Amino acid sequence: MSGVLELVREDLRDFAGYASARSVTAAGPLRLDANESAWSSAADPAGSCVRYPDPQPDALVQALAALYGCGPERLVVGRGSDEAIDLLVRALCRPGRDAVAITPPVFGMYAVAVRLHAARLLEVPLVEIAGGFEVEFDRLAQVALEGGARLVFLCSPGNPTGNALALERVAMLADALQGRALVVVDEAYAEFSRAPSATALLDAHANIAVLRTLSKAHALAGARIGTVIADPGLARVLRRCQAPYPVPAPCAELAVAALQPDVLARTARQIATVRAERARMATRIAALGCVTRVYPSEGNFLLVRFSDAGAAFERLLQAGIVVRDQRAAPSLGDALRITIGTPEQNDRVLQALGAPATEAP
Ligand SMILES: *Cc1c(COP(=O)(O)O)cnc(C)c1O
């Protein structure tokens with residue numbers, strides 16, 4: 001048994017999951033094994049949805065493996081990273097007993113999945129230093145070990161804090177937690193960052209898993225396609241714990257189309273625009289009288305502190321612009337998170353916040 005499988009709930013290690021018609025390998029020209037309709041729907045004349053889909057559509061798995069530079073045996077594709085987070089918590093934590101460590105302020109879904117599964121939540125808050133927010137790695141390792149964590153969720157670049165984590169520190173954390181916990185690096189915003197992906201650590205550290213998604217840079221949030229990249233043995237267990245047909249056929253088809261070279265080239269140009277706009281917006285927003293701090297960001301958003309965040313939120317709302325209110329998050333009582341839009345949308349944000357009109361060059 002590979003070391004990382006010891007982290008899977010003991011009662012699930014030999015769990016086979018649901019044997020769906022599509023996961024059983026028998027094949028023949030006439031398939032009457034899954035109670036599907038013999039006719040396609042008038043709404044789907046091509047019949048692309050008449051059959052249950054392949055649980056892990058091969059064309060999509062291959063395209064994602066190429067995109068992320070990993071072997072397909074490491075990939076589990078599902079309905080967004082949100083499903084992946086839930087799957088990891090369910091597969092690794094015994095309800096009411098095991099714990100999950102997180103570093104708030106951070107993406108809220110980790111705590112939601114932990115709560116729904118009745119696992120215990122361990123919080124090691126980020127600390128603020130001159131350059132932005134930082135994970136206290138030594139304390140995180142200690143809390144995870146002492147608190148019985150099976151999972152540690154890291155977010156890099158962080159949502160909402162925007163900072164990327166150093167891979168050496170992630171590797172050291174995984175070493176410290178070897179045989180005790182899986183370190184999950186959520187890279188939902190990796191495409192907007194120049195920091196290297198934690199997938200580089202997977203060969204040397206079986207207790208690291210990486211989450212990627214097509215929801216942000218690839219503009220497919222509505223298709224719900226996310227990927228866990230993990231130890232191949234762990235990936236097999238996670239697939240067995242998944243819903244029988246986790247990837248709807250039209251979504252898989254759309255995702256494969258989005259990973260063709262011409263679409264990827266266009267996505268790359270959009271990412272370059274986001275980066276340029278992120279830099280422009282950070283400078284312009286920091287110059288506003290109502291702003292006390294703009295954090296450096298490697299994502300497609302900026303975290304901004306205001307002298308009166310409520311008033312800024314209202315001013316934006318009056319202009320028809322909705323941003324993410326962070327005031328309920330720990331240590332962000334005066335902050336808003338603003339997604340980077342098109343240059344024209346960003347100008348509207350600046351205008352609503354009272355920025356002087358840019359002078360003609
Ligand atoms: C948006 C976001 C996700 C959600 O991704 P889906 O693939 O759409 O479920 C995951 N993690 C973080 C940090 C996010 O901000």
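All figures in this text were calculated on a predicted structure; none of them were measured in a lab. Each ligand, and each atom within it, is numbered from 1 in the order the structure gives.
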Which ligand 1 atoms does [X] reach within 4.0 Å, using its non-hydrogen atoms?
| X | result |
| --- | --- |
| Ser215 | 6 (P), 7 (O), 8 (O) |
| Thr213 | 5 (O), 6 (P), 7 (O), 8 (O) |
| Cys155 | 13 (C) |

For [atom], what is the closest protein heavy atom, and at what distance to 0.1 Å?
| atom | answer |
| --- | --- |
| atom 5 (O) of ligand 1 | Ser81 OG, 3.3 Å |
| atom 15 (O) of ligand 1 | Tyr189 OH, 2.6 Å |
| atom 11 (N) of ligand 1 | Asp186 OD2, 2.6 Å |

Could you give me the CA-CA distance, side-chain angles and deciding distance for Phe306 and Thr292, then say whether side chain to side chain contact (heavy atoms under 4.5 Å, CB included) is met? CA-CA 5 Å; Phe306 292 85; Thr292 54; 5.7 Å; no
Donor-acceptor under 3.5 Å ([X] side chain, [Y] main chain):
| X | Y | value |
| --- | --- | --- |
| Glu83 | Arg79 | yes |
| Arg90 | His117 | no |
| Arg224 | Ala221 | yes |
| Arg305 | Val294 | no |

side-chain contact (heavy atoms from CB on, under 4.5 Å) with Arg212: which of Ile229, Val228, Leu64? Ile229
Less than 3.5 Å between some nitrogen or oxygen of Lys216 and one of ligand 1, yes or no? yes
Determine whether the side chain, the backbone, both or neither of Asp82 has a heavy atom under 4.0 Å from any heavy atom of ligand 1. both
Where does Arg224 meet ligand 1, judged by heavy-atom distances below 4.0 Å: at the side chain, the backbone, both, or neither? side chain
Would Leu264 and His218 count as a side chain to side chain contact (heavy atoms under 4.5 Å, CB included) here? Give the steps. CA-CA 8 Å; Leu264 286 176; His218 292 275; 3.6 Å; yes
